[in-house]
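So the structure is just underneath, and the comments pick up after that.
Just so it is clear, the structure is predicted and the values come from calculations on it, not from any experiment.
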Amino acid sequence: MSSIKIECVLRENCRCGESPVWEEATNSLLFVDIPAKKVCRWDLLSKQVQRVAVEAPVSSVALRQSGGYVATIGTKFCALNWENQSVVVLATVDKDKKNNRFNDGKVDPAGRYFAGTMAEETAPAVLEWHQGSLYSLFPDHHVKKYFDQVDISNGLDWSLDHKIFYYIDSLSYSVDAFDYDLQTGQISNRRSVYKLEKDEQIPDGMCIDAEGKLWVACYNGGRVIRLDPETGKKLQTVKLPVDKTTSCCFGGKDYSEMYVTCARDGMDPDGLLRQPEAGGIFKITGLGVKGIAPYPYAG
């Protein structure tokens with residue numbers, strides 16, 4: 001795999017970049033900077049970035065079938081109109097937990113927007129445990145709660161046959177699988193498919209490739225790892241020049257490029273000197289595998 005190339009394509013200095021999503025229609029990469037309360041869109045051709053500021057930490061963004069985007073802002077599922085930068089609240093969760101916020105989110109193959117919550121951190125990965133829950137916003141805007149007692153709700157995706165839901169609660173250091181019913185959005189039979197090794201650090205965002213293998217960004221581990229969820233084996237490790245890798249997605253022409261977000265919050269001045277690209281957007285080419293297009297929210 002010597003043909004792998006890693007480059008920082010955007011020095012955005014995100015405090016905590018997250019939720020990269022490829023938008024084929026505009027040939028651009030969407031992502032968020034959670035504590036900076038910004039949704040960003042980077043145009044691959046012009047190399048320009050547009051940014052929309054919102055009123056609370058914004059933890060994920062997704063495409064919307066009817067146009068525009070949806071995003072998780074604070075503890076709210078929201079619709080985002082890019083043209084006039086307006087935000088409309090679709091639903092609110094965790095009303096009894098004033099210190100909570102959403103974290104990672106993604107749309108399932110039927111158009112439901114899944115996202116989980118966590119307690120607000122006092123420092124990166126330092127927080128009150130067991131405060132989060134996993135939810136989904138259905139196309140009719142009703143919300144379903146799946147379970148609680150989550151520490152840091154994180155990466156999520158679905159198998160290519162849509163029968164398995166993959167999920168990460170970061171502080172369990174595990175990538176989990178559930179049986180998935182696409183018709184109803186029900187999940188069942190939770191089990192671990194991969195436990196992270198010590199040097200891999202904290203599992204964060206995740207995506208699936210066209211061969212059904214999972215890619216997991218390892219926070220503080222400075223890498224993305226490729227896993228076979230059926231055998232529980234790690235197939236590949238790609239190291240990046242930054243430690244705080246947060247999430248990954250496929251994009252570009254034919255979804256053969258991987259985009260990786262990362263963070264700089266929690267790094268000392270020495271660390272930032274050693275890793276000047278921390279908080280940037282990285283592109284990995286030459287992986288020899290493609291991804292699949294993201295699903296849009298159907299509501």
Side-chain angles (χ1 to χ4, degrees), residues 1 4 6 8 14-20 34 59 103-104 116 118-119 121-132 134 149-157 164-178 190-209 212-249 258-280 282 284 287 289:
M1 301 303 293
I4 289 176
I6 300 166
C8 183
C14 289
R15 290 178 56 192
C16 184
E18 265 284 6
S19 184
I34 300 177
S59 59
N103 202 37
D104 209 352
M118 59 184 278
E121 297 162 300
T122 52
V126 178
L127 71 161
E128 194 179 346
W129 288 27
H130 311 320
Q131 296 303 301
L134 179 70
Q149 298 291 308
V150 174
D151 292 326
I152 300 179
S153 190
N154 234 320
L156 53 179
D157 219 326
I164 300 174
F165 167 56
Y166 298 109
Y167 175 71
I168 292 169
D169 179 354
S170 287
L171 298 187
S172 71
Y173 297 90
S174 173
V175 180
D176 291 354
F178 296 81
R190 185 174 189 167
R191 64 258 184 209
S192 174
V193 295
Y194 184 80
K195 284 279 189 190
L196 272 82
E197 296 165 14
K198 200 169 173 34
D199 65 333
E200 290 166 349
Q201 296 282 348
I202 303 172
D204 201 327
M206 170 169 60
C207 69
I208 199 162
D209 66 28
K213 307 299 189 277
L214 299 174
W215 292 83
V216 179
C218 300
Y219 183 84
N220 283 344
R223 66 193 70 184
V224 290
I225 55 175
R226 187 182 192 221
L227 311 174
D228 184 334
E230 290 183 15
T231 63
K233 295 277 187 287
K234 177 172 60 183
L235 305 173
Q236 194 176 349
T237 299
V238 180
K239 293 200 173 176
L240 284 91
V242 289
D243 286 340
K244 295 186 181 294
T245 37
T246 55
S247 193
C248 52
C249 79
M258 176 176 278
Y259 289 90
V260 181
T261 51
C262 62
R264 57 193 285 125
D265 267 14
M267 294 178 68
D268 60 24
D270 281 353
L272 290 169
L273 276 176
R274 282 196 307 274
Q275 299 181 15
E277 296 168 329
F282 288 82
I284 305 174
L287 288 172
V289 66

Sequence neighbours left out, what passes side chain to side chain contact (heavy atoms under 4.5 Å, CB included) with Asp176? Give chain and number order.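 Result, side chain to side chain contact (heavy atoms under 4.5 Å, CB included) vs Asp176: Ser174, Arg190, Ser192.
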
Listed partners of Ser153 passing side chain to side chain contact (heavy atoms under 4.5 Å, CB included), at least two apart: Leu134, Val150, Tyr167

I need the [X] [atom1] to [Y] [atom2] distance, nearest 0.5 Å.
X	Y	atom1	atom2	value
Leu240	Ile6	CG	CD1	4.5 Å
Glu18	Thr246	CD	OG1	4.0 Å
Gln236	Asp228	CD	CG	12.5 Å
Gln131	Asp151	CD	CG	9.0 Å
Cys16	Tyr219	SG	OH	6.5 Å
Leu171	Leu127	CG	CG	6.0 Å

Does anything in residues 233-247 pair up under salt bridge (Lys or Arg N to Asp or Glu O under 4.0 Å), and if so which pairs, sequence neighbours excluded? Glu197-Lys234, Glu200-Lys234

Write down the atom of [X], the atom of [Y], and the distance for their closest heavy-atom approach.
X	Y	result
Met258	Cys248	SD-CB, 4.0 Å
Gln275	Pro241	CG-O, 3.7 Å
Ile152	Asp169	N-OD1, 3.0 Å
Pro203	Ile168	O-CG2, 3.6 Å
Ile34	Asn103	CD1-OD1, 3.8 Å
Gln201	Leu196	O-CD2, 3.7 Å

Between Asp199 and Arg223, does a side-chain contact (heavy atoms from CB on, under 4.5 Å) hold up when you go through it step by step? CA-CA 10 Å; Asp199 65 333; Arg223 66 193 70 184; 3.3 Å; yes

Under the 3.5 angstrom rule, does the side chain of Thr245 hit a backbone N or O of Cys218 as a donor-acceptor pair?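 Flag set: sc Thr245 to bb Cys218 pair under 3.5 Å.
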
Within the distance-only criterion (no hydrogens, no angle test), does the side chain of Arg15 pair as donor or acceptor with the backbone N or O of Asp265 below 3.5 angstrom?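 Judged by distance alone, no pair lies under 3.5 Å.
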
Can you check side-chain contact (heavy atoms from CB on, under 4.5 Å) on Phe282 and Val242, steps first, answer last? CA-CA 10 Å; Phe282 288 82; Val242 289; 3.7 Å; yes

Answer yes or no: is there a side-chain heavy-atom contact under 4.5 Å between Tyr194 and Ile225? yes

So, do Leu287 and Trp215 sit near enough that their side-chain heavy atoms are less than 4.5 Å apart? yes

Between Thr261 and Ser247, is a side-chain hydrogen bond (donor to acceptor under 3.5 Å, both in side chains) present by the stated rule, with each step listed? CA-CA 5 Å; Thr261 51; Ser247 193; 4.7 Å; no

